[in-house]
Amino acid sequence: MRRTALMMMLALAGCTTAPVEPIPGSITYGGQPRTKLTKSPIGSTLSHEFIMGDGRLAIETYRIQPDRSLSLENRVIVGDWPPQ
């Protein structure tokens with residue numbers, strides 16, 4: 001039993017998720033923004049919504065890093081926007 005549990009833990013430790021890459025419309029598309037978020041606490045998150053070129057709504061979540069840069073954490077793409 002312990003051996004199976006150990007093998008499962010090792011298998012799960014090897015799983016990684018691919019980072020979310022910026023797309024046109026993302027805050028970090030083409031690099032970090034020129035201004036830094038100096039008043040926001042490190043580790044806090046912010047969301048950004050925009051309409052993609054194909055008419056779908058993208059909602060992105062960013063986390064503020066210790067150097068005040070933004071890290072793209074998550075993206076949700078909603079179907080056609082606005083809903084019909």
Side-chain angles (χ1 to χ4, degrees):
M1 181 74 167
R2 283 185 167 187
R3 188 174 195 166
T4 304
L6 180 61
M7 289 177 64
M8 293 287 287
M9 286 175 42
L10 289 173
L12 290 174
C15 296
T16 58
T17 58
V20 182
E21 296 295 325
I23 59 174
S26 298
I27 296 174
T28 57
Y29 183 72
Q32 290 290 323
R34 292 183 185 184
T35 59
K36 300 288 183 183
L37 299 169
T38 57
K39 294 185 180 181
S40 300
I42 293 171
S44 62
T45 59
L46 61 105
S47 63
H48 172 64
E49 298 180 7
F50 61 96
I51 306 297
M52 298 178 7
D54 60 2
R56 296 182 296 167
L57 175 67
I59 305 169
E60 297 180 328
T61 304
Y62 292 86
R63 183 170 308 277
I64 300 175
Q65 301 299 307
D67 65 353
R68 300 292 179 181
S69 64
L70 294 175
S71 171
L72 179 56
E73 300 288 320
N74 186 29
R75 178 183 303 119
V76 176
I77 299 176
V78 181
D80 293 332
W81 192 259
Q84 311 240 0

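As the structure is a prediction and not an experimental result, all values here were calculated from the model. The figures that follow rest on heavy atoms only: side chains count, while hydrogens, waters and symmetry mates do not.
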Worksheet item: Do Gln32 and Leu70 touch side chain to side chain, with heavy atoms closer than 4.5 Å?
Response: yes
Worksheet item: Are Leu72 and Leu46 grouped together when hydrophobic residues (ILVMFWY) are joined by side-chain heavy atoms under 4.5 angstrom apart?
Response: yes
Worksheet item: Within the distance-only criterion (no hydrogens, no angle test), does the side chain of Arg75 pair as donor or acceptor with the backbone N or O of Glu60 below 3.5 angstrom?
Response: no
Worksheet item: How many angstroms lie between atom CD1 of Ile59 and atom NE2 of His48, to the nearest 0.5 angstrom?
Response: 11.0 Å
Worksheet item: Do the side chains of Val20 and Ile23 join up, straight or via other hydrophobic residues, at under 4.5 Å, putting them in one cluster?
Response: no
Worksheet, complete the sentence: Nearest heavy-atom approach of Thr28 to Pro22 is OG1-CG, 3.5 Å
Discussion item. For Arg68, give me all partners under side chain to side chain donor-acceptor pair (under 3.5 Å), at least two apart in sequence or on another chain.
Written reply: none
Practice prompt. Can you see which heavy atom on Gly43 is nearest to which on Arg63, and at what distance?
Written response: O-NH1, 2.7 Å
Worksheet, complete the sentence: Correct closest heavy-atom pair for Ser40 and Ile64 would be CB-CD1, 3.2 Å
Discussion item. So, using side chain to side chain donor-acceptor pair (under 3.5 Å) as the criterion, who are the partners of Thr45 when residues are at least two apart?
Written reply: none
Discussion item. Strictly by salt bridge (Lys or Arg N to Asp or Glu O under 4.0 Å), give each pair with a member in residues 26-43 just once, sequence neighbours left out.
Written reply: none
Worksheet item: Do the side chains of Met52 and Leu57 join up, straight or via other hydrophobic residues, at under 4.5 Å, putting them in one cluster?
Response: no
